[in-house]
Protein chains: 2
Amino acid sequence: MLPNINIQVNPNTHLKDPNSSELGRNIIAKSIDMIDELGFEHFNFRKLSKEIKSSEASIYRYFTSKQKLLLYLTGWYWGWMEYKLTLKVANIASPEERLIRAITLLTGLVEEGSNFAHISEARLQKIVIAESSKAYLNKEVDSENEFGVFADYKRLVGTVSDILLEIDSTYKYPHMLISTVIEGSHLQRHFSKHLPKLTDIDKNEDLITPFYVELVCKAICIK
Amino acid sequence: MLPNINIQVNPNTHLKDPNSSELGRNIIAKSIDMIDELGFEHFNFRKLSKEIKSSEASIYRYFTSKQKLLLYLTGWYWGWMEYKLTLKVANIASPEERLIRAITLLTGLVEEGSNFAHISEARLQKIVIAESSKAYLNKEVDSENEFGVFADYKRLVGTVSDILLEIDSTYKYPHMLISTVIEGSHLQRHFSKHLPKLTDIDKNEDLITPFYVELVCKAICIK
DNA sequence: CAAATATAATAGTATTACTATCAATTATGC
DNA sequence: GCATAATTGATAGTAATACTATTATATTTG
């Protein structure tokens with residue numbers, strides 16, 4: 001079931017909306033596959049252009065660099081998460097329940113679906129887990145930020161923080177807690193695959209979401 | 001006061017111990033400055049060789065790549081942190097007090113000292129905050145890990161987890177909690193400078209350490 | 001002092017991250 | 001249906017990066 005919506009991404013991430021053409025959608029679809037497979041460092045526009053049987057120059061007409069493409073993909077992911085969050089908490093009266101649903105969504109694994117023809121949501125999540133921090137851990141972060149490219153992420157953190165403040169308006173660290181949970185859960189997923197000594201694994205069940213749900217509940221004293 | 005110790009870093013990070021020669025110590029000293037100033041992506045061995053008035057080829061005799069140099073620097077940092085932790089918790093009977101001292105050390109800002117002639121500890125911490133995740137967020141992580149280059153970090157997380165387990169041996173997520181705290185505090189320091197909407201700032205006091213101390217205490221129910 | 005080792009200087013290669021140009025194709029407006 | 005504009009593809013080129021190789025020159029050590 002395709003939702004009849006499309007996720008708006010900050011136009012400063014791209015020269016031309018990749019959603020507006022077949023080539024653009026191809027760039028997105030195949031770049032998700034390739035970044036997932038090669039890793040962001042080994043991915044480049046020359047390889048991508050060969051895969052989609054286009055040219056490097058054509059891709060550069062959509063994105064001025066692969067960093068901008070990463071900003072587009074992560075922006076899309078956060079926009080999509082915000083949309084899913086809105087659905088998940090709609091009509092739920094209890095802020096505690098809404099908060100738990102939010103944390104569960106933000107820390108959980110995306111199951112593959114086909115809500116968007118050209119975007120593999122599960123693969124996109126793998127990219128966000130492994131690569132998204134490279135979008136802000138660099139010297140360009142301030143100038144990019146001025147152009148609003150992190151707005152989707154900041155808004156999502158704000159939205160969840162507001163739920164938390166409904167429960168306890170005196171809590172001093174709402175944004176720290178939520179961004180710690182989101183980024184932490186990504187790291188734990190990476191560690192569980194590659195550096196298991198840095199995490200706690202049970203082969204029968206996912207401990208990452210339960211850990212963060214418990215952490216948040218204890219932090220704001222929900223029993 | 002220089003401690004008469006030197007931090008041992010896993011030899012698989014380097015071809016030749018940079019501590020064993022003037023050139024090696026120069027590489028370390030100046031690379032810390034340059035990575036801090038330029039960021040890891042804009043830093044390279046050609047620029048470094050010019051700064052230290054040596055040659056690219058000479059630097060490559062110590063480190064086979066700038067990634068390996070980053071692994072050396074982060075390994076050194078974690079070894080040094082383990083040393084400081086050992087001192088801070090020595091002779092403290094209460095595991096609660098030891099845990100709080102550990103979290104305070106791991107989440108706090110390093111004040112500039114001159115314990116090591118060629119290493120600026122405060123600048124090295126800035127590198128660890130902004131760049132260290134790039135050492136494991138890549139496709140080479142598994143092969144590097146086989147060579148033990150993350151051992152110092154894993155050991156430190158294990159050490160602190162053990163303190164935590166002394167307090168509550170039934171706690172299910174000790175490693176997750178400690179690695180979340182360490183990585184989280186780094187991210188919050190980055191966010192507080194560049195993406196303040198993702199964190200909570202008070203201009204008069206550092207909230208990062210208090211937040212993580214409180215988070216850990218609540219997680220394992222220390223009042 | 002001879003031999004081994006470390007360093008410096010120089011040059012070269014393959015790849016990357018673009019930019020520029022122009023031709024071919026496709027879409028649009030009348 | 002045709003002229004015009006916009007998009008795309010093909011090709012070439014540039015500066016920088018991440019190395020490798022070679023040889024000469026210091027420096028250390030036995």
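Just so you know, these numbers come straight off a predicted model, no measurement behind them. Proteins get letters first, then strands, A, B, ... in listed order; numbering begins at 1 in each.
- For the pair B/N138 (side chain) and B/V141 (backbone), a donor-acceptor distance under 3.5 Å is present.
- Checked by atom type, the side-chain pair B/T107/B/T209 shows a donor-acceptor distance below 3.5 Å.
- Over its full length, the helix from C/dC1-D/dG30 to C/dC30-D/dG1 turns its helical axis through 30°, comparing axes from the five pairs at each end and rounding to 10°.
- Scanning for ring pair (Phe, Tyr, Trp, His ring centres under 6.0 Å) contacts around A/Y173 gives A/Y171, B/F211, with sequence neighbours left out.
- B/S132 contributes no side-chain N or O that, together with a main-chain N or O of B/I129, makes up a donor-acceptor pair within less than 3.5 Å.
- Only one option out of A/K126, A/H42, A/R123 pairs with A/E37 in a side-chain hydrogen bond (donor to acceptor under 3.5 Å, both in side chains); it is A/R123.
- Judged by distance alone, the side chain of A/N26 and the main-chain N or O of A/I52 form no donor-acceptor pair under 3.5 Å.
- Between the side chain of A/N12 and the backbone N or O of A/F147, at least one donor-acceptor pair lies under 3.5 Å.
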If you look only at distance, which donor and acceptor atoms sit under 3.5 Å apart when one is on a side chain in residues 149-161 of chain A and the other is two or more places apart or in another chain?
{"residue": "A/D152", "atom": "OD1", "partner": "A/R155", "partner atom": "NH2", "Å": "3.3"}
{"residue": "A/Y153", "atom": "OH", "partner": "A/E183", "partner atom": "OE2", "Å": "2.5"}
{"residue": "A/K154", "atom": "NZ", "partner": "A/N145", "partner atom": "OD1", "Å": "2.8"}
{"residue": "A/T159", "atom": "OG1", "partner": "A/E82", "partner atom": "OE2", "Å": "2.9"}
{"residue": "A/T159", "atom": "OG1", "partner": "A/R155", "partner atom": "O", "Å": "2.9"}
{"residue": "A/S161", "atom": "OG", "partner": "A/V157", "partner atom": "O", "Å": "2.8"}

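- Shown for residues 58-66 of chain A: residues whose heavy atoms fall under 4.0 angstrom of DNA chain C, namely A/Y60, A/T64, A/S65, A/K66.
- Protein chain A contacts DNA chain D from D/dT7 to D/dA10, reading 5' to 3' and using non-hydrogen atoms of the protein with a distance under 4.0 Å.
- With salt bridges taken as basic N to acidic carboxylate O contacts below 4.0 Å, none links A/K139 and B/E41.
- Using a 4.0 Å cutoff to heavy atoms of chain B, the contacted part of DNA chain C runs 5' to 3' from C/dA6 to C/dA9.
- Listed by residue number, B/K16, B/S21, B/L23 are the residues of residues 8-36 of chain B with a heavy-atom contact under 4.0 Å to DNA chain C.
- Here the side chain of A/S185 pairs a donor or acceptor atom with the backbone of A/I182 at under 3.5 angstrom.
- Residues A/L187 and B/S179 fail the side-chain proximity criterion, which asks for heavy atoms closer than 4.5 Å.
- Using a distance-only test at 3.5 Å, with no hydrogens or angles considered, no donor-acceptor pair links the side chain of B/K47 to the main chain of B/M34.
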Report, one line per pair, each donor and acceptor closer than 3.5 Å where one atom sits in a side chain of residues 72-79 of chain A; sequence neighbours left out.
{"residue": "A/T74", "atom": "OG1", "partner": "A/L70", "partner atom": "O", "Å": "3.0"}
{"residue": "A/T74", "atom": "OG1", "partner": "A/L71", "partner atom": "O", "Å": "3.2"}
{"residue": "A/Y77", "atom": "OH", "partner": "A/Q125", "partner atom": "NE2", "Å": "3.3"}

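- Remark: B/K193 NZ is loosely packed, at most 12 non-hydrogen atoms of other residues, nucleotides or ligands lying under 6.0 Å away.
- Atom NZ of A/K197 has 12 or fewer neighbouring heavy atoms from other residues, nucleotides or ligands inside a 6.0 Å radius.
- The stretch residues 133-141 of chain B has no heavy atom under 4.0 angstrom from DNA chain C at all.
- Annotation: A/Y136 is in aromatic contact with B/F191 [ring centroid separation under 6.0 Å].
- Formation of a donor-acceptor pair under 3.5 Å by the A/R101 side chain with backbone atoms of A/K88 is found in this model.
- Under the 3.5 Å distance criterion, the side-chain polar atoms of B/K66 are matched with a main-chain donor or acceptor of B/F43.
- Applying the side-chain contact (heavy atoms from CB on, under 4.5 Å) test to A/A122 and every residue at least two apart in sequence or in another chain returns A/E112.
- Listed by residue number, B/S54, B/S55, B/A57 are the residues of residues 43-57 of chain B with a heavy-atom contact under 4.0 Å to DNA chain C.
- Listed by first then second residue, pairs satisfying ring-ring contact (aromatic ring centres under 6.0 Å, His included) with a partner in residues 21-40 of chain A number zero, not counting sequence neighbours.
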